[in-house]
Student: 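Starting off with a structure, shown below.
Treat the numbers as computed from the prediction; the structure is a model and nothing was measured. In what follows, every chain begins at residue 1, and chains take the letters A, B, ... in the order their sequences are listed.
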2 protein chains.
Amino acid sequence: MKKKQSTRDIILQSATRLFQRQGYNGTGLNQIIEESGAPKGSIYYHFPNGKEEIALEAVSLMRKLVLEEAEKDLRGKNSAAEAFEFYVNNVATVFDTRDCVEGLSIGLIASETALTHENIRYTCEMVFKDFQSLHADILEQYGFKKERAEELGLTITAMIEGACILSITYQNGNPLRIMAKQLVLLLKNNREIEETK
Amino acid sequence: MKKKQSTRDIILQSATRLFQRQGYNGTGLNQIIEESGAPKGSIYYHFPNGKEEIALEAVSLMRKLVLEEAEKDLRGKNSAAEAFEFYVNNVATVFDTRDCVEGLSIGLIASETALTHENIRYTCEMVFKDFQSLHADILEQYGFKKERAEELGLTITAMIEGACILSITYQNGNPLRIMAKQLVLLLKNNREIEETK
DNA sequence: GTCTATAGCTGGATAGAC
DNA sequence: GTCTATCCAGCTATAGAC
């Protein structure tokens, strides 16, 4: 039985969309209000700490959405290579439409705030580590050794973030697709190293 | 015989530093003036088109600096793996100091402006393609076939950009160093594929 | 080439009525 | 819970003196 969407949730969803597209500094509270159609006076009721609080919750929401999607795509394939190839190619399609809505997960907001907003920076660090852990868990399930899985988990996180930047700049998903091919090779190579141990 | 630094150059250097650290939207013209110590009235004399013009030139300056550094590090090694390992580990040291100055090359400004400032987006696209081409050229010199070199050139660009985001968020260069190890494996693997053709 | 002053706007945030 | 009114600081940009 779903609760109907609260005003708070509506504000948060609009804010998340805008932060992903325009970043933290590029998005104003007025714009969030306008976009969401939420009652103008209600922002500081729902988010007493203002913009920073909204951003922290937006990052957590992005975390949830990305992890759900990733789990769904990565489980139940025949190999790690196949799983990540499927996942990354899926992400790529998002960037093919002209005004892609879901942008760069949290890479943009992380790099904007890393040197200026410690709270946001720290939250982003935790989220990145969750991404890494998910990737590492998946790799372990497909037979990778723990240590190598962790290093690869970080590397895959970096590859995805970087390829998303290229894809949003090039206005299409091809960078992600090309990267996916190389990632497949990297995973197969790592696999061989595991097996010859 | 070097020309002494013009006011214009001083403004541009400060702006570049600030854009790298805080992004386009996070950096104000007042701040650029203050930081540079340049004459306050001179911004619109030297950059008649205002902030956007400064950003375009800053991106071009970043391009120049990155390409110079990359060329220096990548030439004259024994293999592609060795060359890129050296280069990436060099970049990593930048992120170990607490308030790293040279931040994320152009990834931040590119993702901020991709959907809102077409001129800047286009310039960033060209710069990313220059990075890719440099990587590809280097790979070809170390014996990689053209097509594979191009795909790897893009992938390496993505890996570096992504790992820089992680490094600035984690406040140290370890993500870049871990990524470098995996990049070495990827390059060795590709090499083998070339050789068995 | 440089500088001041200021226009004109938008930002985040607050107080207080309802 | 919602909304209006408003404060003040910051922004980009321009006009015009020197």
Side-chain angles (χ1 to χ4, degrees), chain A residues 3-59 108-109 112-121 123, chain B residues 2-59 108-109 112-113 115-121 123:
Chain A
K3 270 175 65 180
K4 99 179 207 320
Q5 286 223 112
S6 65
T7 299
R8 196 190 136 94
D9 287 343
I10 294 171
I11 292 174
L12 192 51
Q13 276 172 29
S14 292
T16 303
R17 255 191 88 254
L18 288 166
F19 283 144
Q20 282 187 313
R21 292 169 57 92
Q22 308 172 340
Y24 182 76
N25 294 314
T27 303
L29 293 185
N30 295 340
Q31 202 182 359
I32 294 173
I33 288 303
E34 196 181 342
E35 258 260 336
S36 66
K40 293 198 181 179
S42 58
I43 274 217
Y44 281 90
Y45 174 79
H46 293 294
F47 303 92
N49 290 346
K51 189 177 180 178
E52 180 165 313
E53 186 176 350
I54 301 180
L56 289 172
E57 299 242 17
V59 169
L108 170 53
I109 193 166
E112 269 184 299
T113 60
L115 299 169
T116 51
H117 295 75
E118 176 56 21
N119 286 340
I120 303 179
R121 196 222 104 235
T123 304
Chain B
K2 274 185 185 161
K3 269 176 67 181
K4 97 177 209 320
Q5 285 223 111
S6 65
T7 299
R8 195 190 137 95
D9 286 344
I10 294 171
I11 292 173
L12 192 52
Q13 277 173 29
S14 292
T16 303
R17 256 190 88 255
L18 289 166
F19 283 144
Q20 281 187 312
R21 293 169 58 91
Q22 310 173 339
Y24 182 76
N25 293 314
T27 303
L29 293 185
N30 295 340
Q31 205 182 356
I32 295 173
I33 288 302
E34 196 180 342
E35 258 259 336
S36 65
K40 293 197 180 178
S42 58
I43 276 219
Y44 281 90
Y45 173 78
H46 293 294
F47 303 93
N49 290 346
K51 190 176 180 178
E52 180 165 314
E53 185 177 350
I54 300 180
L56 290 173
E57 299 241 18
V59 170
L108 170 53
I109 194 167
E112 271 183 298
T113 60
L115 299 169
T116 50
H117 295 75
E118 174 56 20
N119 287 340
I120 302 179
R121 196 223 102 237
T123 303

Student: Treating A:S36 as the side-chain partner and A:I33 as the backbone partner, does any N or O pair qualify as donor plus acceptor under 3.5 Å?
Tutor: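 A pair under 3.5 Å: yes.
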
Student: Which heavy atom in A:I54 sits nearest to a heavy atom in A:L12, and how many Å separate them?
Tutor: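 Residues A:I54 and A:L12, closest heavy atoms: O-CD1, 3.9 Å.
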
Student: For D:dT2, take OP1 and OP2 only and decide whether either is under 4.0 Å from a side-chain N or O of A:T7.
Tutor: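 It does, given that an N or O in the side chain of A:T7 lies less than 4.0 Å from OP1 or OP2 of D:dT2.
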
Student: Does A:E35 reach the main-chain N or O of A:L18 with its side chain, forming a donor-acceptor pair under 3.5 Å?
Tutor: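 Such a contact is absent between A:E35 side chain and A:L18 backbone.
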
Student: Given atom CD1 of A:I11 and atom C1' of D:dT2, what is their separation to the nearest angstrom?
Tutor: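 After rounding, the gap between these two atoms is 11 Å.
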
Student: What integer distance in Å separates B:F47:CZ from D:dT14:C1'?
Tutor: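 After rounding, the gap between these two atoms is 18 Å.
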
Student: Could you pull out the protein-nucleic contacts involving nucleotides 8-12 of chain C (nitrogen or oxygen on both sides, under 3.5 Å)?
Tutor:
from   : atom 1 : to    : atom 2 : distance (Å)
C:dG11 : OP2    : A:N30 : ND2    : 2.5
C:dG12 : OP1    : A:T27 : O      : 3.4
C:dG12 : OP1    : A:L29 : N      : 3.2
C:dG12 : OP1    : A:K51 : NZ     : 3.1
C:dG12 : OP2    : A:L29 : N      : 2.5

Student: Rounded off to whole Å, could you give me the CD1-to-P distance for the A:I43 and D:dG1 pair?
Tutor: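 Atom-to-atom, A:I43 to D:dG1, this comes out as 16 Å.
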
Student: Specify the separation, in whole Å, of atom CG of A:N49 and atom P of C:dA13.
Tutor: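 Checked: the CG to P distance equals 9 Å.
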
Student: For residues A:I109 and A:A55, report the shortest heavy-atom separation together with the two atoms involved.
Tutor: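 Closest heavy-atom pair between A:I109 and A:A55: CD1-CB, 4.4 Å.
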
Student: Measure the distance from CD1 on B:I33 to P on C:dT2 and round it to the nearest whole Å.
Tutor: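 So the CD1-P distance, B:I33 to C:dT2, works out to 11 Å.
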
Student: List in chain and number order the residues that pass side-chain hydrogen bond (donor to acceptor under 3.5 Å, both in side chains) with A:Q31, two or more places apart in sequence or in another chain; answer none if no residue qualifies.
Tutor: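 Result, side-chain hydrogen bond (donor to acceptor under 3.5 Å, both in side chains) vs A:Q31: A:Q22.
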
Student: Side chains of residues 41-49 of chain A: which donor-acceptor pairs under 3.5 Å do they make with residues two or more places apart or in other chains?
Tutor:
from  : atom 1 : to    : atom 2 : distance (Å)
A:S42 : OG     : A:P39 : O      : 2.6

Student: What is the distance from CD1 of B:I32 to C1' of D:dA13, rounded to the nearest Å?
Tutor: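 Computing the B:I32:CD1 to D:dA13:C1' distance gives 14 Å.
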
Student: Which nucleotide wins on minimum distance to the side chain of A:K40, given the candidates D:dG1, C:dT2, D:dT4?
Tutor: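 The nucleotide sitting nearest to the side chain is D:dT4.
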
Student: Could you check how far CD of B:E53 sits from C1' of D:dA13, rounded to whole Å?
Tutor: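 Between C1' of D:dA13 and CD of B:E53: 14 Å.
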
Student: Rounded to the Å, how far apart are B:Q22 CD and D:dC11 P?
Tutor: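 These atoms are roughly 10 Å apart.
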
